S.K.: 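My questions all concern the structure below.
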Amino acid sequence: MKSSGFAATDANEPLVPFTFEHRAPRANDVVMEILYSGVCHSDLHMARNDWNWTAYPLVPGHEIVGRVIEVGSDVTRYKIGDHVAVGCMVDSCQSCDQCRRGEEQLCREGNTGTYNAPDRITGDITRGGYSKHLVVREEFACRVPDSLDITRVAPLLCAGITTYSPLRTWNVGPGSRVAVIGLGGLGHMAVKLASAMGAEVTVLSRTNDKAEDAKTLGADRLLISTDEKAMAEAQSSFDLIIDTVPVKHDIDLYMPLLDVDGTLVIVGQVGPMSPFNSVPFLLGRRRVAGSPIGGIRETQEMLDFCARKNVMPDVEMIRMDEINEAFERMERSDVRYRFVIDMASLAATE
């Protein structure tokens, strides 16, 4: 199946127009025309080969919303014309204990990533959302609730579920005390979701610059992490801390903020972290955990929750030919809070 998009061809080169062929659709596949694609910080890491596992040419994008244009003979969930959304996975073994629990992101055989991953059957490398089409196994397409603004849905498929999943895993609800480190693409969704769940939400930031934004997004307060007095007064005041910082950093500063049995969940940094001091862990029975995306069932639950609570990401719409400028702005943290590509603009680049 012929398609086109934008691809990274080298770690040091800008993304360029690219034509390619998707694998042939199978009986249990949905073929979608991509309408909107979110721009995730991990797309930038992958394009730059920061994690040393990029296969070029790379078509990024795993925050995808589109319209069904073809369905396989075995497909029962969707019909032509339906709006569907796809996140970071397009397949998994479907038979291991994790897949049977609806935790496909933890598939024992490894799930198939939406891009830069070998197809489970053919071995073809998957191509992502910075393109005209996507072929996806039926089970990995989510229904887009009619009440959601389709132009803003895409970031929910990564930034949304990445922060929703730990909030659900640690049973956040009314009375929960949640702190969020970082107020970027992930952080702003963590604030909105935790607030919608009824939690008391605090944003942790090095300066007071984002105090107004934090409150607008739903936070109850902003705690300045460079203010030693304020940090000392905030000790043992949180049940859960969502750490969205996307680079190597020191967590020692934040551990005393957790109450007994509190948890700091890392959802941002992929790779090495700074060494930590075990004393706050031992004295408060505190813990550090990691959390990836959620499974498909939880992703659908998150979309439905956002529809009920009117929780949507703050986005800036861009054209496909503005992607390299968007990457540069992301490196400068110059986006509030997620770029979304209007994929109709792809036609102008062909």
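Computed from a prediction, not measured in an experiment: that's the story for all the values here.
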S.K.: Determine, stepwise, if the pair Q235 / E233 fulfils side-chain hydrogen bond (donor to acceptor under 3.5 Å, both in side chains).
M.R.: CA-CA 6 Å; Q235 287 191 15; E233 292 174 349; over 6 Å; no
S.K.: Check whether any side-chain N or O of S131 sits under 3.5 Å from a backbone N or O of H133 as a donor-acceptor pair, and report yes or no.
M.R.: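 At least one qualifying donor-acceptor pair exists.
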S.K.: Do we see a donor-acceptor contact under 3.5 Å between the side chains of Q300 and E298?
M.R.: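 Q300 vs E298: no donor-acceptor pair found between side chains.
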S.K.: Which heavy atom of F20 sits nearest a heavy atom of G5, and at what distance?
M.R.: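 Minimum heavy-atom separation between F20 and G5: CE2-N, 4.1 Å.
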S.K.: Identify whether the distance between the nearest side-chain nitrogen and carboxylate oxygen of E350 and K132 falls below 4.0 Å.
M.R.: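 A salt bridge is present here (some side-chain N lies under 4.0 Å from a carboxylate O).
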S.K.: Which class fits the ring pair Y337 and H188: parallel under 30°, tilted 30 to 60°, perpendicular over 60°?
M.R.: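 The rings of Y337 and H188 lie parallel, inter-plane angle below 30°.
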S.K.: Under a 3.5 Å threshold, yes or no: a donor from one side chain and an acceptor from the other, between R221 and T202?
M.R.: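 Looking only at side-chain atoms, T202 and R221 do form a donor-acceptor pair, the distance falling under 3.5 Å.
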S.K.: If you take all heavy atoms of P292 and S165, which pair is closest and at what distance?
M.R.: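 Smallest interatomic distance, heavy atoms only, reads O-CB, 4.5 Å.
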S.K.: Could you tell me whether D259 and R177 make a salt bridge, using a distance below 4.0 angstrom between a side-chain N and a carboxylate O?
M.R.: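 A salt bridge links D259 with R177.
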S.K.: Please tabulate, for the side chains in residues 121-128, all donor-acceptor contacts under 3.5 angstrom to protein atoms that are two or more places apart in sequence or on a different chain.
M.R.:
residue, atom, partner, partner atom, Å
T122, OG1, D119, OD2, 3.2
T122, OG1, D124, N, 3.1
T122, OG1, D124, OD2, 3.1
T126, OG1, G113, O, 2.9
T126, OG1, T114, O, 3.3
T126, OG1, Y115, N, 3.4
T126, OG1, N116, N, 3.4
T126, OG1, A117, N, 3.1
T126, OG1, A117, O, 3.2
R127, NH1, P57, O, 2.5

S.K.: Short question: side chain of Q105, backbone of G295 - any donor-acceptor pair under 3.5 Å?
M.R.: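 Pair found, side chain donor or acceptor close to backbone of G295.
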S.K.: Is there side-chain contact between D43 and F327, with heavy atoms separated by less than 4.5 Å?
M.R.: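 With C-beta onward as the side chain, the pair touches.
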S.K.: List the steps and the verdict of side-chain contact (heavy atoms from CB on, under 4.5 Å) for I296 and C142.
M.R.: CA-CA 7 Å; I296 300 302; C142 292; 4.1 Å; yes
S.K.: Are D314 and K192 within salt-bridge range, i.e. N to O under 4.0 Å?
M.R.: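 A salt bridge links D314 with K192.
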S.K.: Is any side-chain heavy atom of E70 closer than 4.5 Å to a side-chain heavy atom of P25?
M.R.: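 The answer is yes; the side chains approach within 4.5 Å.
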S.K.: Are L258 and V265 grouped together when hydrophobic residues (ILVMFWY) are joined by side-chain heavy atoms under 4.5 angstrom apart?
M.R.: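 No, because L258 and V265 fall into different hydrophobic clusters, even though each may have its own neighbours under 4.5 Å.
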S.K.: Checking L204 against V180 for the side-chain contact (heavy atoms from CB on, under 4.5 Å) test, could you report, in this order, the C-alpha distance in whole Å, the side-chain angles of both residues, the deciding distance, and whether it holds?
M.R.: CA-CA 6 Å; L204 283 157; V180 178; over 6 Å; no
S.K.: Decide, yes or no, whether a salt bridge links R297 with E301 under the criterion of side-chain N to carboxylate O below 4.0 Å.
M.R.: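 No.
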S.K.: Is the backbone N or O of G160 less than 3.5 Å from a side-chain atom of T163, with the two atoms forming a donor-acceptor pair by type?
M.R.: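 Yes, T163 side chain to G160 backbone: donor-acceptor pair under 3.5 Å.
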S.K.: Less than 4.0 angstrom from a charged side-chain N to a carboxylate O is my criterion; do R67 and E33 meet it?
M.R.: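 Yes, this pair counts.
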S.K.: Hydrophobic cluster membership, with links at side-chain heavy-atom distances under 4.5 Å among I/L/V/M/F/W/Y: are M46 and I341 in one?
M.R.: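 Result: no, two separate clusters.
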S.K.: Salt bridge or not for K215 and D220, using N-O below 4.0 Å?
M.R.: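 Not counted as a salt bridge, because no side-chain N and carboxylate O are separated by less than 4.0 Å.
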S.K.: Quick check against the 3.5 Å criterion: does Y78 have a side-chain atom that pairs as donor or acceptor with the backbone of A141?
M.R.: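 Confirmed, Y78 side chain pairs with A141 backbone.
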S.K.: Do you reckon I241 sits in the same ILVMFWY cluster as W170, going by side-chain contacts under 4.5 Å, direct or chained?
M.R.: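 Result: no, two separate clusters.
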S.K.: Between R338, R329, R336, which is the residue that forms a salt bridge (charged side-chain N to carboxylate O under 4.0 Å, His left out) with E316?
M.R.: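 For E316, the salt bridge (charged side-chain N to carboxylate O under 4.0 Å, His left out) test succeeds with only one of R338, R329, R336, which is R329.
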S.K.: Enter the distance from L217:CG to K210:NZ here, rounded to the nearest 0.5 Å.
M.R.: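 Spacing of CG (L217) from NZ (K210) equals 9.5 Å.
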S.K.: Any side-chain heavy atom of L346 sitting closer than 4.5 Å to one from S4?
M.R.: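 Yes. Closest side-chain heavy atoms under 4.5 Å.
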S.K.: Would you sort out whether D342 and R319 count as a salt bridge (Lys or Arg N to Asp or Glu O under 4.0 Å), showing the intermediate values?
M.R.: CA-CA 6 Å; D342 181 350; R319 302 187 312 270; over 6 Å; no
S.K.: Using a 3.5 Å distance criterion without hydrogens, assess whether the side chain of R286 forms a donor-acceptor pair with backbone atoms of M255.
M.R.: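 Judged by distance alone, yes, a pair lies under 3.5 Å.
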S.K.: State, with a plain yes or no, whether a side-chain heavy atom of M1 is found less than 4.5 Å away from one of E21.
M.R.: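 In short, these two side chains do not touch, never coming nearer than 4.5 Å.
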S.K.: Would you check, one step at a time, whether the test salt bridge (Lys or Arg N to Asp or Glu O under 4.0 Å) holds for E104 with R137?
M.R.: CA-CA 13 Å; E104 299 91 346; R137 183 170 176 161; over 6 Å; no
S.K.: State whether a side-chain donor-acceptor pair under 3.5 Å links T263 with R287.
M.R.: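 Checked: T263/R287 side chains pair up, N/O donor to acceptor below 3.5 Å.
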S.K.: Rounded to the nearest 0.5 Å, how far does CG of L157 lie from CD1 of I293?
M.R.: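 It comes to 9.5 Å.
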S.K.: Which atom names give the shortest non-hydrogen contact between M189 and A159, and what distance separates them?
M.R.: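 In this case the closest contact between M189 and A159 is CB-O, 3.9 Å.
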S.K.: How about L183 and S205: do any of their side-chain heavy atoms sit closer than 4.5 Å?
M.R.: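 Result no, sub-4.5 Å side-chain heavy-atom pair not found.
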S.K.: Distance-only, no hydrogens or angles: does the N28 side chain make a donor-acceptor pair with backbone N or O of D74 under 3.5 Å?
M.R.: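 No, because the side chain of N28 does not come within donor-acceptor range (under 3.5 Å) of the backbone of D74.
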S.K.: Flag the pair I161 / L156 as yes when at least one side-chain heavy-atom distance between them is below 4.5 Å, and no otherwise.
M.R.: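 SC-SC contact between I161 and L156 ruled out.
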S.K.: Is it the case that the side chains of N49 and T54 hold a donor-acceptor pair, with the cut-off being a distance below 3.5 Å and no angle test?
M.R.: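 On atom types as modelled, these side chains qualify, holding a pair under 3.5 Å.
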S.K.: Just so I know, are the side chains of S92 and Q98 near enough to count as touching, which here means a heavy-atom distance under 4.5 Å?
M.R.: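 Of all side-chain heavy-atom pairs linking Q98 with S92, none is under 4.5 Å.
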S.K.: Is the shortest side-chain N to carboxylate O distance from R143 to D82 below 4.0 Å?
M.R.: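 No, no charged N to carboxylate O under 4.0 Å.
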S.K.: Please answer: with hydrophobic residues joined when any side-chain heavy atoms are less than 4.5 Å apart, are I242 and F276 in the same cluster?
M.R.: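 Hydrophobic grouping puts I242 apart from F276.
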S.K.: Would you please test M343 and L35 for side-chain contact (heavy atoms from CB on, under 4.5 Å) and show each step?
M.R.: CA-CA 5 Å; M343 294 310 299; L35 302 177; 5.8 Å; no
S.K.: If only atom types and distance count, is the side chain of S195 paired as donor or acceptor with the main-chain N or O of V191 below 3.5 Å?
M.R.: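 Between the backbone of V191 and the side chain of S195 there is no qualifying donor-acceptor contact (under 3.5 Å).
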S.K.: Tell me if the CG atom of D261 is crowded by more than 12 foreign heavy atoms within 6.0 Å.
M.R.: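 Enclosed: over 12 neighbouring heavy atoms sit under 6.0 Å from CG of D261.
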S.K.: Measure from the ring center of Y130 to the ring center of F18 and say whether it is less than 6.0 Å.
M.R.: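 No: the rings miss the under 6.0 Å criterion.
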S.K.: With rounding to the nearest 0.5 angstrom, report the CD to OG1 distance, Q269 to T244.
M.R.: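 Q269 CD to T244 OG1: 11.5 Å, rounded to 0.5 Å.
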S.K.: Would you indicate whether the side-chain heavy atoms of R206 and D227 approach each other to under 4.5 Å?
M.R.: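 Counting from C-beta outward, D227 and R206 never come under 4.5 Å.
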S.K.: If we ignore hydrogens and angles and just use 3.5 Å, is the side chain of Y56 paired with the main-chain N or O of A11 as donor and acceptor?
M.R.: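 Checked: pair present.
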S.K.: Are there more than 12 heavy atoms of other residues, nucleotides or ligands under 6.0 Å from atom CZ of R168?
M.R.: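 Result for CZ/R168: open.
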S.K.: May I ask whether I64 and I318 are part of the same hydrophobic cluster, defined by side-chain heavy atoms of I, L, V, M, F, W, Y residues being less than 4.5 angstrom apart, directly or through others?
M.R.: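 Yes, same cluster.
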S.K.: Could you go step by step and tell me if D50 and R48 meet the salt bridge (Lys or Arg N to Asp or Glu O under 4.0 Å) rule?
M.R.: CA-CA 5 Å; D50 289 339; R48 302 285 191 264; over 6 Å; no
